[in-house]
**Student:** 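Have a look at the structure that comes next, please.
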Amino acid sequence: MELSAKYNPSQVEDKWYAYWLEKKFFHSEPDERQPYTIVIPPPNVTGILHMGHVLNNTLNDVLIRKARMDGKNACWVPGTDHASIATENKVVARLKTMGINKTDITRDEFLKYAWEWKEEHGGIILEQLRKLGASCDWDRTRFTMEPALSDAVIATFCYFYKKGMIYRGVRMVNWDPVALTAVSDDEVIHKDTQSHFYHLKYYISDGQGNATDQYLVIATTRPETIMADAAICVNPDDERHHWLRGKKVIIPLINKEIPVIEDDYVEMDFGTGCLKVTPAHDAHDYEIGMRHNLPILEIIDDHGKLNEKAQILVGEDRFVARKKIAKMLEESGNLVKIDDYTSPIGYSERTDAVIEPKLSAQWFLKMEDLAATALDSVESGKIKFIPDKYRNTYRHWMENAHDWCISRQLWWGQRIPAYYLPDGQIVVEETAEKALEAAQKINPAYTAADLRQDEDVLDTWFSSWLWPISVFDPERPGHPEHEPNKDLAYYYPTNDLVTGPDIIFFWVARMIMAGNEFMKDIPFGNVYFTGIVRDKIGRKMSKTLGNSPNPLDLIEKYGADAVRIGMLLCSSAGNDIFYDESQVEQGRNFCNKIWNSYRLVQGWKVDESLAQSEVNKVAVKWFENKLSQTVAAVEDHYSKFRISDALMSIYKIFWDDYCSWYLEAIKPAYGEAIDKATFDATNKFFEALLKMVHPIMPFITEELWQSMETREAGATIMFEKTPSAGQVDADYITGFEMAQEAINGIRGIRQQKNISPKEALELKIKGAFPAEFIPVVEKLANTSSVETVADFGEATGVSFMVRTVEMFVVLGGLVNVEEEIAKLEAELKYQQDFLASVRKKLSNESFVAHAPEKVVAIERKKEADSLSKIESYESQLKALRK
RNA sequence: GGGAGCAUAGCUCAGUUGGUUCAGAGCGUCUGCCUUACAAGCAGAGGGUCGGGGGUUCGACUCCCUCUGCUCCCACCA
């Protein structure tokens with residue numbers, strides 16, 4: 001078969017992926033083998049593939065393919081996440097383009113549109129993952145909102161409710177005025193934001209509600225909330241403000257009288273030491289309000305606009321109102337000054353809207369016990385984090401975990417199974433029928449019509465945290481009495497989780513909680529945290545910056561294997577990835593190198609009658625050893641999740657050792673044949689290399705493995721065993737290295753003296769050069785003769801050292817004696833200095849007394865080697881100066 | 001404000017309990033080659049006083065202190 005000079009991935013990838021699918025190679029069923037399980041971090045159902053996914057899923061695929069070749073029953077469960085806020089936003093946006101407002105349609109109608117959207121757009125990302133080569137068990141694809149998994153979520157809610165761990169309460173929550181829902185603390189991002197510090201005069205009341213001449217000054221960043229002030233608060237120890245005790249003050253513009261109170265919360269040296277207390281619109285003020293029984297007046301509505309209770313500026317957006325009220329206060333003489341001020345402001349992770357602290361009734365899950373157990377899972381080492389540093393982050397969060405606000409004011413998601421009865425009681429049951437039964441136990445007269453289900457849905461993470469359990473057996477969460485089914489019993493706990501550190505609390509921690517609660521066991525053994533993919537100048541990839549390439553375009557252009565390499569090359573665990581297309585090019589080049597190395601060997605003619613040459617014998621034996629050595633190194637790297645190091649080891653043995661050294665050493669002269677023994681060994685090596693590369697580059701390796709010889713029907717490299725490391729003869733490798741150094745030395749001289757590689761050179765060796773490797777030198781350095789001598793005699797040439805062996809290339813008139821002398825003198829000087837430093841060390845009694853014998857012996861060896869080199873340089877100099 | 005981490009070649013990073021001629025790798029750069037597997041290639045070369053300072057030690061890229069510069073996480077000073 002004639003092969004093109006370049007590897008063409010597009011012809012190869014779809015073919016083999018279809019083959020793998022058709023043969024169900026990715027599918028796993030429980031059997032007697034050891035399981036190796038990964039659950040995919042479910043991407044948003046409406047998401048499209050970005051570089052972060054590429055990184056994550058490449059790593060996952062490398063691990064799963066490696067495990068498969070190690071003989072484990074590898075199962076990678078794919079799926080998607082319903083992502084309630086993100087998806088609902090998209091559906092709302094789409095409805096808008098259709099001229100429909102969410103508020104104008106019913107919940108059921110909305111959900112119909114949402115499911116339509118999901119059917120159209122959902123799962124696109126899973127299709128895209130196939131292009132990357134992801135070997136997911138597609139038969140097991142799950143969706144967090146599919147009926148069985150939704151049931152699991154509902155059951156979980158009921159379980160915790162009945163355990164007394166879920167409660168409903170009015171709390172100050174983080175309100176997203178764009179998404180119109182509460183979000184959890186973790187979904188709020190604090191960003192330093194430029195704003196202003198408004199200093200306002202509040203006049204003291206005369207007791208009849210009239211302002212006196214006296215006033216105090218408060219400092220606030222939110223003047224638009226003054227109408228909701230319930231008090232002015234000062235620190236009880238602040239003597240400056242003692243005169244205010246028992247006084248009342250008048251809120252500007254609306255002339256409302258409020259008391260002055262005292263609370264330790266107020267910092268004396270911040271602002272003016274007087275704090276306006278607005279219990280409805282600030283979390284701390286709410287706490288103060290609770291302590292002092294202050295009335296709560298809400299003047300901002302769900303959309304972030306002032307309502308009629310504000311009395312003024314009704315209907316204005318909070319930020320517009322801020323500017324307008326500042327002007328009004330200025331006109332009324334209440335504005336003292338405005339300072340520039342930068343302070344951390346909370347933004348919604350999803351919509352980037354400024355979070356409005358808002359009182360509302362929400363559902364909460366108690367975290368204390370769950371967090372304590374989950375902390376122990378990691379502290380005890382049962383779960384390992386890679387890199388380890390994230391344990392600190394994890395511990396800190398777990399020790400300070402707040403109760404989890406699990407309700408969301410959305411429609412897309414699992415609806416909270418709480419039913420309100422006319423008498424105000426609440427029943428929580430998995431179904432409406434059961435709820436009715438429960439209600440009738442309270443009052444037999446109740447009918448279904450009397451039950452009003454809670455309008456809210458559950459936080460998406462409240463379903464994601466069950467993922468490692470629910471993908472296998474959705475009946476288990478919330479039902480401890482339900483025996484795990486066969487899948488769950490076999491695949492749980494999963495082995496490794498690959499994810500980003502940004503969701504360590506959202507997801508990782510909570511999966512650990514759910515695992516401990518429902519399985520009494522951890523959900524995974526190792527968590528590998530990837531970095532964030534950034535562009536080459538360190539910016540996060542984002543749509544708005546337009547610096548994120550479309551992975552599918554890259555795959556199209558360079559091939560999936562190249563894209564995978566490109567991601568892995570720069571990805572040590574936990575470090576951010578600085579992506580640059582040149583890395584993908586490097587991956588493509590590597591594919592091409594592999595391809596061409598195959599093309600070379602495949603074109604050779606084999607002559608069975610030919611005896612194996614010495615060079616070939618040496619090369620084969622050396623590469624056997626080198627391969628074993630590398631296999632061991634690669635295994636070690638994998639065991640430590642050092643994937644990019646594993647890749648680099650493989651890359652180097654393929655490119656440098658196999659292509660540049662081994663193949664060059666055994667390559668027959670043009671038109672000549674190769675002996676059978678070497679040819680067979682070469683194919684064996686190549687196959688072993690393909691297997692090593694396969695987890696990283698699945699497509700090209702399958703293509704070449706299939707091309708090497710006629711395989712049985714249904715064969716695949718996917719299930720071939722990972723090469724195992726044999727004994728390594730380190731001395732043999734060292735001997736070959738000396739040959740390499742000799743060859744490099746001669747090539748260097750050729751380069752310097754501008755001598756063509758075609759011109760054979762005469763080489764003399766003085767010292768203990770291992771004779772076995774001389775044929776390699778002869779072939780690769782192109783020597784006409786190699787002679788081991790006692791001294792170099794009268795010949796002129798250039799010498800160099802290979803360790804302690806002197807090499808001498810005869811060059812005749814090409815030598816510039818002055819130059820050589822200068823070079824040798826420099827080397828001699830260096831060596832003398834080196835010897836001096838070694839001797840200084842050795843004459844240090846303290847060193848000889850304290851350092852381990854081994855270290856001292858090494859120093860003595862250095863001394864001896866150095867002496868021998870000096871001697872050699874001196875004799876060469878002497879010869880040259882003659 | 002609290003906590004964590006990082007700083008090694010032009011770039012991205014290794015350097016595993018302090019000790020081999022240990023200062024490395026890949027990429028990039030420079031030089032010479034279109035040598036019949038591959039110019040997406042081959043062969044060679046240069047490049048860092050391991051962020052600054054101090055300390056411990058026979059010995060420090062490695063351990064301690066400090067300074068500087070960056071990054072991330074957490075956080076209710078209005």
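Keep in mind the model is a prediction, meaning the values are calculated, not measured. Lettering of chains follows the sequences in order, A, B, ..., and the numbering in each one begins at 1. Note that these values count all heavy atoms, side chains included, but never hydrogens, waters or copies made by symmetry.
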**Student:** So what does A/D580 touch, heavy atoms closer than 4.0 Å: a base, only the sugar-phosphate, or nothing?
**Tutor:** nothing

**Student:** Could you run down the sub-3.5 Å N/O contacts of the protein with nucleotides 46-49 of chain B?
**Tutor:**
none

**Student:** Taking the ring of A/Y598 and the ring of A/Y7, is the distance between their centroids below 6.0 Å?
**Tutor:** no

**Student:** Which pairs, protein N/O on one side and nucleotides 2-5 of chain B N/O on the other, fall under 3.5 Å?
**Tutor:**
from	atom 1	to	atom 2	distance (Å)
B/A4	O3'	A/N392	ND2	3.4

**Student:** Return the orientation label for the A/Y830 and A/F834 ring planes: parallel under 30°, perpendicular over 60°, tilted otherwise.
**Tutor:** parallel

**Student:** If you measure only the distance, is there a donor-acceptor pair under 3.5 Å linking the side chains of A/S10 and A/N8?
**Tutor:** yes

**Student:** Please tabulate, one pair per line, each protein N/O and nucleotide N/O from nucleotides 22-26 of chain B that are separated by under 3.5 Å, including the distance.
**Tutor:**
from	atom 1	to	atom 2	distance (Å)
B/A25	O2'	A/K652	NZ	3.1
B/G26	O2'	A/Q586	NE2	2.9

**Student:** Which donor-acceptor pairs under 3.5 Å do the side chains of residues 227-237 of chain A make with protein atoms, sequence neighbours left out?
**Tutor:**
from	atom 1	to	atom 2	distance (Å)
A/D229	OD1	A/K276	NZ	3.0
A/D229	OD1	A/T278	OG1	2.9
A/D229	OD2	A/Y202	OH	2.5
A/N235	OD1	A/D237	N	2.8
A/N235	ND2	A/V266	O	2.8

**Student:** Rounded to whole angstrom units, what separation is found between the NE2 atom of A/H850 and the P atom of B/C58?
**Tutor:** 6 Å

**Student:** Sort me out a list of protein N/O and nucleotides 33-41 of chain B N/O pairs below 3.5 Å, or just none if empty.
**Tutor:**
from	atom 1	to	atom 2	distance (Å)
B/U36	O2	A/Y670	OH	3.3
B/A37	O3'	A/R599	NH2	3.2
B/A37	O2'	A/N596	OD1	2.6
B/A37	O2'	A/R599	NE	3.3
B/A37	O2'	A/R599	NH2	2.6
B/A37	N6	A/E664	OE2	2.9
B/A37	N3	A/N596	O	3.0
B/A37	N3	A/S597	N	3.4
B/C38	O4'	A/N596	OD1	3.1
B/C38	O4'	A/N596	ND2	3.3
B/C38	O2'	A/N592	ND2	3.4
B/C38	O2	A/K593	NZ	3.0
B/C38	N3	A/K593	NZ	2.8
B/A40	O4'	A/N589	OD1	3.1
B/A40	O2'	A/N592	ND2	3.4
B/A40	N3	A/R588	NE	3.2
B/G41	OP1	A/N589	ND2	3.1
B/G41	O3'	A/K593	NZ	3.2

**Student:** Look at all strands and tell whether A/Q831 reaches a base, only sugar-phosphate, or nothing, counting heavy atoms closer than 4.0 Å.
**Tutor:** base

**Student:** Find every protein N or O atom lying less than 3.5 Å from an N or O atom of nucleotides 76-78 of chain B, and list the pairs.
**Tutor:**
from	atom 1	to	atom 2	distance (Å)
B/C76	O4'	A/H284	NE2	2.7
B/C76	O2'	A/H284	ND1	3.2
B/C76	O2'	A/H284	NE2	2.3
B/C76	N1	A/H284	NE2	3.4
B/A78	OP2	A/Y341	OH	2.2
B/A78	N6	A/E267	O	3.3
B/A78	N6	A/F270	O	2.8
B/A78	N1	A/E267	N	3.3

**Student:** Please confirm whether the backbone N or O of A/E224 pairs with a side-chain atom of A/R322, one donor and one acceptor, at under 3.5 Å?
**Tutor:** no

**Student:** Ring centroids only, cut at 6.0 angstrom: are A/F385 and A/Y390 within range, meaning strictly under it?
**Tutor:** no

